[in-house]
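Everything on this sheet refers to the single structure shown next.
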2 protein chains.
Amino acid sequence: MSHRAMEGTGCSVERTLSLIDGKWKIVVLYKLLRGTLRFNELRRLIPAVTQRMLTHQLRELEADGLITRTVYAQVPPRVEYALSPRGWSLEPVILALKHWGDANLSSSEAKAA
Amino acid sequence: MSHRAMEGTGCSVERTLSLIDGKWKIVVLYKLLRGTLRFNELRRLIPAVTQRMLTHQLRELEADGLITRTVYAQVPPRVEYALSPRGWSLEPVILALKHWGDANLSSSEAKAA
DNA sequence: CCGGATCCAGGAGGATACTG
DNA sequence: CAGTATCCTCCTGGATCCGG
């Protein structure tokens with residue numbers, strides 16, 4: 001669910017969460033850590049996302065100043081997405097998430113049960 | 001939307017996200033970093049959450065092995081929530097999130113937490 | 001190739017009242 | 001105190017078609 005409805009409320013943790021809500025935000029940011037990507041490259045890297053949702057999430061990320069969107073007026077169309085400085089500042093958060101996942105889900109994840 | 005529907009799919013980042021989805025999961029975990037808390041203590045610390053949602057999120061966190069729930073059979077009832085070892089392992093992630101929020105949202109007031 | 005527009009279902013999340 | 005139980009709204013996110 002979206003945390004966007006509560007922007008402006010709560011503590012810094014809640015405010016931060018509102019920027020990275022949505023089903024794919026973090027994943028998109030994570031993929032962009034490796035460098036600039038075009039729209040369909042992102043689609044291929046995240047097979048489960050639909051183009052509608054990818055577009056939507058990219059727009060929100062852009063609106064929040066976390067990524068940049070560069071359109072090349074040419075045929076065929078070419079749109080490139082990259083992390084903005086603000087987006088790059090999230091790198092520690094994203095990597096912390098990834099490292100935790102690698103450490104806690106990869107080898108023996110059924111531990112919780 | 002819940003990420004829980006996609007458990008078992010995608011990369012470790014997506015899998016990790018599925019554990020901390022929901023509007024309040026991270027906030028609850030963050031509050032528990034300071035120590036064991038009772039149900040109503042959590043409610044007071046997170047005023048915007050309803051008891052229904054708090055119960056629900058706590059149940060999911062427990063099911064995912066991130067927190068422990070201890071019921072003291074007495075009157076008045078007493079239920080204490082605390083981070084499990086697995087929950088504690090998320091501390092770096094939660095703190096990374098909080099620090100980013102402090103650094104990027106705090107221009108005016110996000111320091112309150 | 002990169003989307004926008006529209007339609008739609010489902011469930012996340014809220015309000016309120018009640019209970020052991 | 002610590003939840004259940006019900007009802008309800010709205011937004012997320014999927015499917016599909018269309019456009020530049």
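Every chain is numbered from 1 and lettered A, B, ... according to where its sequence line falls, protein lines coming before strand lines. Everything numeric in this text was worked out from a predicted model, so none of it was measured.
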> Just by modelled atom types, is the B/L95 backbone N or O under 3.5 Å from a matching donor or acceptor in the B/H99 side chain?
Replying inline: yes
>> Using every non-hydrogen atom in the two residues, find where A/S84 and A/T68 come nearest and quote the distance to one decimal.
In response: CB-CG2, 3.9 Å
> Rounded to the nearest Å, what distance is computed from the CD1 atom of residue B/I67 to the C1' atom of nucleotide D/dA2?
Replying inline: 14 Å
> Could you state the CD1-C1' distance from A/I46 to D/dG14, rounded to the nearest angstrom?
Replying inline: 16 Å
> How long is the line joining CG of A/D21 and P of D/dT12, in whole Å?
Replying inline: 8 Å
>> On the nucleotide C/dG3, are OP1 or OP2 found under 4.0 Å from the side-chain N or O atoms that A/Y81 carries?
In response: yes
> Quick one: salt bridge (charged side-chain N to carboxylate O under 4.0 Å, His left out) pairs with a partner in residues 40-50 of chain A, sequence neighbours left out?
Replying inline: none
> When the distance from CG of B/N40 to P of D/dG3 is rounded to whole Å, what number comes out?
Replying inline: 9 Å
> Whole Å only: how far is the NE2 atom of A/H56 from the P atom of C/dT6?
Replying inline: 15 Å
>> Strictly under 4.0 angstrom, non-hydrogen atoms only: write out the protein contact profile of nucleotides 14-20 of chain C, one letter per nucleotide from the 5' end, B, S or -.
In response: BBBB--B
> For the pair made of CZ in B/R59 and P in C/dG13, what is the distance, rounded to whole Å?
Replying inline: 17 Å
> Which is true for A/R69 with a 4.0 Å heavy-atom rule: it touches a base, it touches only sugar-phosphate, or it touches nothing?
Replying inline: sugar-phosphate
> Expressed in angstrom and rounded to an integer, what is the separation of A/L54 atom CG from C/dC2 atom C1'?
Replying inline: 10 Å
>> Using the side chain to side chain donor-acceptor pair (under 3.5 Å) criterion, which residues pair with B/E80? Sequence neighbours excluded.
In response: B/Y72, B/R78
> Do the side chain of B/N104 and the main chain of B/W100 share a donor and acceptor less than 3.5 angstrom apart?
Replying inline: yes
> So, is B/R44 near the phosphate of D/dC1, with a side-chain N or O under 4.0 Å from OP1 or OP2?
Replying inline: no
> Do the side chains of A/E60 and A/I67 get nearer than 4.5 Å, heavy atoms only?
Replying inline: no
> Do A/Y81 and A/T36 have side chains that get closer than 4.5 Å, going by heavy atoms?
Replying inline: no
> What is the distance, rounded to the nearest whole Å, between atom CD of A/Q57 and atom C1' of C/dG4?
Replying inline: 16 Å
